Each structure stands twice: as C-alpha cells, then as structure tokens.
Amino acid sequence: MAKQVKTAISPTRSEDYPEWYQQIIKASDLAERSTVRGCMVIKPWGYALWENIVQAMDNLFKATGVKNAYFPLFIPLSFLEKEAEHVEGFAKECAVVTHHRLEKGKSGGLEPAGKLAEPLVVRPTSETIIGDSFSRWVSSYRDLPILINQWANVVRWEMRTRIFLRTSEFLWQEGHTAHATAEEALERTSMMLDVYTTCVEDYLAMPVIRGRKSPAERFPGAVDTLAIEAMMQDRKALQSGTSHFLGQNFARGFDIKFQTAAETEEYAWTTSWGSSTRMIGGIIMIHSDDDGLILPPKVASAHVVLLPIIRNPDDRQAVMDYAQKLARELSAKVYHQRNILVEIDDRDIGGARGWDWIKKGIPLRVEIGPRDIAENAVFVGRRDQPPNEKSAVKRDQFVAEVTDILDDIQQNLFQRALAFREAHTIEIEDQKTFYDFFTPQNAEKPEIHGGFAISGWCGSAECESKIKEDLAVTIRCIPFDSEAGKGRCVCCGKKSESQVVFAKAY
RNA sequence: CGGGGCGUGGCGCAGCCUGGUAGCGCGCCUGCUUUGGGAGCAGGAAGUCCCCAGUUCAAAUCUGGGCGCCCCGACCA
C-alpha cells in the first residue's frame, strides 16, 4: 500500500504559493534553472507551449498588417544615450560587451582581450537599434506607416529572478511602428492592446483588465503606456502585455524624419509593444492547482494522452493497435488551426504514469484497456476536473466530440479565472479599509491576501508612491472604463481624478 | 546594493557542535510478482562532501580566504 498523498504538488498554493509555483514548473517539466545565473532552460514541454503562443500571436499580428524582421542583438552604447528617459530606465540592468577576443592569461585561464572601441549593450529592448534603421527607411510620408515585429531574446540584468516571470534572458516579441500622424500611432497603440487582449483571453484563457499606466509606471521614454493586467491565484497582478505610444521622442533621438504631402519636414510618431515568456508564468499561476499544471487547450503542448492499460502481455498487441488507430483518428482532427496533438504513453510504471500527465497539465487523459476495447469505449479524464472523475465514453462519440470537449475546458478555465478575479476585486473608498485589505494577518509568513482594489486616486505621484512604500501596492492601471472624477483619493482624501486598480504585482 | 540562509550521489536532506575517511528518503538500473486511484520484494550502480590555503598522524567536520546559489527588501516584462 502506497502512502496516501492528497495532492501531487507539495506545498499547496495556500501553504506556500511561491514554492508551489517552483514545484509546478519542476513537476510539469516545463523548464529548469540553468547553471547560468538568472537564466532558464526551457524544456520541450515548455517550449512547445511557447511555440503555440507564438504561432497564435504571430497570426494575429500579421492580420493587422505587421511584418516580421530581425535586428541585431548588440546595440552600440551611444544609441542608448539618445533618449534620456530611456537610458535612465534601462542603464542599471544592461549587460555590456567590452571585448571581442580571449587570450591565455598569466594564471593559465582565458582572459578577455581586444577591447572594443565602443562597448556593445546586449539588447534589453530594441527601440534604439530599430529607430536607427527606421531613420534610413523613412524619407517620405509615402514610406509610412512602417509596421515591424521581431521575435527575439533580450537580456535584463535583474537583481532577483524568478523562472518565467523575471529571468536575466527571456524570449519575447517586440513590435515597432512608425506613423505620419499622432492619431494613427495612437490608434495602432490601442489596436495592439486589443490583439494582446484577444491572445491572452481567447488563447491563454486569462481574463484581463485593460487600461493606461500611471506616469510612474510608464515605459521609459513613452508618452503613454497601455497594459493588460491579470489576477493570479495569490491575488497579485501580472502585467501580460504592454503597448506604448512613444510620441516623437524616439523619432527625435534617432532622426526619423519624413517629408509630408505639404512639403514640410516632420518627425514620425512611433509605437512599441511587447509580450514575453512571462505569459507562461501567468498560465501557470492563473490556472494550475495543487495537482500540477493545467494547460489551456488552445495552446497546450499536447491535447490528449493515451494510456494503454495492459494487464497481461497477451493483450498488449490488441490494446496498442486500438490506441494507435485512435491516435491516428484524433491527430487528423483540427482544433483551432492546429491538428490535435496526441501522445501515447505505454511506460510500465503503474499509476505514476497517469499522475505524470496530470502534473504536466495535458487537457485530456484517455485510458484504454481490454474492457474498453470490448465495449468499444474509452475512459476519459479532464484536467479541469478532479483526477478521480473519469468516465467511460463511446469511442466514436469521443472522436466526434473531442474538439467540443477541449473548447469546454478552455471556456471553463477562463470562467473560473474570471470568477476568481471578481471574487477578489472590491471597491474601496476609505484609507483604513484599503490598508487592512493589503495587510496580511501574519507579517512573518504572509498568507494569500488582498486582491484588486478599485479606488479613487487624486492623480498625484506623492499619493501613488506613499501607497507603494507603505504597502508595496501599485497602480496597475487606470481602466479604460474608469469613472472620471468619482469619489475621493483613497490616500489623501482629495477629489479623485479617476478610479484606478491598485494591487500587489509581479 | 542592504538583511538572512545554504553549498554532501540526479533531487531533497542527515552527519559538522564533540575530527577517525560518508549515510537516509526519493529517483535510476536488473529480476520476479503486480497493474483501471501515485505498486511490493530482492539485488545493484552512482559522491573531487563548492574551491583554495592552513591546523592535524588524520578534515565533510576546526581556522582563514574566495566563489556560487536561494529567500526577504529596493529595481523591473
């Protein structure tokens, strides 16, 4: 008799949320820490997930006229100096290449040699190097707009790293556009936020709040930053995509000028927008439970695992034939532009096999044994339901309905997350309630507390930073549907400028 | 960069205080028995005890120095 374990993941979410998060990643085999400080190794199960997100998002981008390109990893140091706020925002986290050769040193080890005339920064983001190209691509209003995206890796030398959420190197996409008018650039800024919303809500099943960042939370160098924010199961906010209106700031820094139809010379209006492997962290934290990862079907690394039950060796051939035939039929079906991905796992490791796939978060587990073959059935478990709730389904019915079942799981995950967010979002008017809301009962080992507070804000940076200092709570966004001028500032009590979303954040 | 903690088979840890040449659980391999809710028994493989120096007959253990990592803050997608 095996020892009884209630949950596959230990500790549970309520026991120790940060540790639970690490354990999910380990148990699901998504990724692991690299021996390189702050970096991660994305393993096949995690990379397949990323590829699916990339594909979904890339299609959405291209549907709006964006084209992909690729710019250098290295950025001349001088480029970063061309936009004052930008350099200030990123200077502290830049990795810098200063040499181009290694030589045998005195101690026998290799030492950098061949000092570069100008140091190269490993891109933390590419506004500058892309701005440099844009300046050469644009001369007439007829050259505009330019709609470019690149899928790339970037490096930000963070103090503290957390796998998928904040790593020294991460994968992302960054879109960069240049326009003839401010209106058009603004339109593009909000259009891309719409694309992010679609991708994150429809594909990742993560409900988001859309809004504008406060000046303090703006991207360095941006005139305006729009963002989508989702609530994780520890009730903290995760920013899962940002879209920036850069005004003419970078156009001035990089001399992106064009001649108008009226023969005047003007600076272009630019935008940039990005989303990263951080979204995988969001998927983990918003959907998974104490038995492991739960993947949204539309981007799942695989959809179905077939688990042949072979009680005696004589059955093996029949069971495997049945499984392989089923796999072929399922694989031929299309689910949201992708063929259904089927795994067959015939490892002889007993019940641990089923739990492996539960921990990996695969949407559907299908057990196939002699009994099922006799009844022309399959035994199906859904990852959005408890591990023991499995049921027999006629084989043909399962094949016919599998995409509906996947859609149902997808919807269920979204609704579950939405209900959770709504349950932990409250409107707060007075300061004491606000402070209580964001203060844990046990300061030594804070329990999961707080959530999203919808409160008035007078618009002053002082109130914003006081709340940040007191509670580590920030303005996540000023929602687009915020009621202007309603109520009073939750900090100073003066007349409110807008109702904003306050939360602790990743 | 401040405060704390930790480096011992793949993973998690004990051993250190009081020096005597390394052990436990999980995992892995082999065999037999099992198998539809995380298998049992038997056997087996696997470790420069983070690095360097010192003390000592003898160092995972004591001393000094270094390196790395994790957690909590400030910074951030």
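A quick note: this is a predicted structure, and the numbers were derived from the prediction, not measured. Proteins get letters first, then strands, A, B, ... in listed order; numbering begins at 1 in each.
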| message | Can you identify which nucleotide, out of B:rC75, B:rG38, B:rG36, has its nearest atom closest to the A:F379 side chain? | response | B:rG36
Pick out the pairs of N or O atoms, protein on one side and nucleotides 68-70 of chain B on the other, that lie under 3.5 Å.
residue, atom, partner, partner atom, Å
B:rC70, OP1, A:R33, NE, 3.1
B:rC70, OP1, A:R33, NH2, 2.6

| query | Do the rings of A:F420 and A:H424 sit parallel, tilted or perpendicular, given the 30° and 60° boundaries? | reply | tilted
| Quick one: which of B:rU35, B:rC11, B:rC75 gets closest to the side chain of A:R311? | B:rU35
| query | Are A:R353 and A:P308 side-chain neighbours, meaning at least one heavy-atom pair lies under 4.5 Å? | reply | yes
| request: With ring-ring contact (aromatic ring centres under 6.0 Å, His included) as the test, would you mind laying out the steps for A:F71 and A:H176 before giving the verdict? | output: CA-CA 11 Å; A:F71 297 84; A:H176 298 268; 7.5 Å; no
| field | Strand RNA chain B as a dot-bracket string - pairs counted if Watson-Crick or G-U with both distances under 3.5 Å, | where the partner lies in another strand | value | (((((((..((((......[..)))).((((((.....)))))).....(((((..]....))))))))))))....
| Roughly how many Å is it from CD1 in A:I349 to C1' in B:rG38, rounded to a whole number? | 10 Å
| message | Under 4.0 Å from OP1 or OP2 of B:rC75: is there any side-chain N or O of A:K468 that close? | response | yes
| message | So if I take every side-chain heavy atom of A:R278 and compare against B:rA77, B:rC76, B:rG38, which nucleotide ends up nearest? | response | B:rA77
| said: Would you say A:K390 places a side-chain N or O within less than 4.0 Å of OP1 or OP2 belonging to B:rG37? | reply: yes
| request: Could you verify whether a donor N or O on one side chain and an acceptor N or O on the other, from A:R476 and A:T474, lie under 3.5 Å apart? | output: yes
| remark: side chain to side chain contact (heavy atoms under 4.5 Å, CB included) with A:I53: of A:V200, A:T277, A:L204, only one passes, and it is A:L204
| query | Do A:D372 and B:rG36 have a side chain to base donor-acceptor pair shorter than 3.5 Å? | reply | yes
| field | Closest to the A:T167 side chain, choosing from B:rG37, B:rA77, B:rC11 | value | B:rA77
| remark: A:D348 CG to B:rG31 C1', in whole Å, measures 13 Å
| request: Round to the nearest Å and state the distance from A:E88 atom CD to B:rC75 atom C1'. | output: 12 Å
| Aromatic ring pairing A:F438/A:F434, orientation class (parallel under 30°, perpendicular over 60°, tilted between) | perpendicular
| task | Could you work out the separation of B:rC51 and B:rU35 based on their C1' atoms and round it to a whole Å? | result | 49 Å
| Counting side-chain heavy atoms from CB outward, which of B:rG36, B:rC76, B:rC11 is closest to A:E367? | B:rG36
| query | For the base of B:rC76, is there a side-chain donor-acceptor partner from A:R156 under 3.5 Å away? | reply | no
| query | Roughly, in whole Å, what's the span from CZ in A:F170 to P in B:rC76? | reply | 13 Å
| Is it true that A:R383 and A:D291 have a side-chain N and a carboxylate O under 4.0 angstrom from each other? | no
| field | Closest to the A:R371 side chain, choosing from B:rG36, B:rG38, B:rA77 | value | B:rG36
| When the C1' atoms of B:rA59 and B:rG54 are considered, how many whole Å apart are they? | 11 Å
| Stacked pair A:W172-B:rA77, distance under 5.5 Å, angle under 30° | no
| query | When you check the side-chain N and O atoms of A:D321 and A:Q317, is any donor under 3.5 Å from an acceptor? | reply | yes
| Considering only the P atoms, how many Å lie between B:rG23 and B:rC32, rounded to the nearest integer? | 30 Å
| remark: To the nearest angstrom, the CZ-P distance between A:R316 and B:rG36 comes to 16 Å
| said: Can you check the distance between B:rC17 and B:rA60, where both ends of the measurement are the C1' atom (answer in whole Å)? | reply: 14 Å
| request: Please state how far atom CZ in A:R347 lies from atom P in B:rC29, giving the value in whole angstrom units. | output: 11 Å
| message | Suppose you measure atom P in B:rC72 against the same atom in B:rG31; what distance do you get, rounded to whole Å? | response | 46 Å
| Salt-bridge criterion met for A:R347 and A:D356 (N-O under 4.0 Å) | yes
| Under 3.5 Å, side chain of A:Q233 to main-chain N/O of A:M285, donor-acceptor pair present? | yes
| The side chain of A:K359 lies closest to which of these nucleotides: B:rG38, B:rC75, B:rG37? | B:rG38
| field | Selected nucleotide, minimal atom distance to A:A8 side chain, candidates B:rG38, B:rC75, B:rG37 | value | B:rG38
| task | Over 60° means perpendicular and under 30° means parallel, so classify the ring planes of A:F219 and A:H244, tilted if in between. | result | parallel
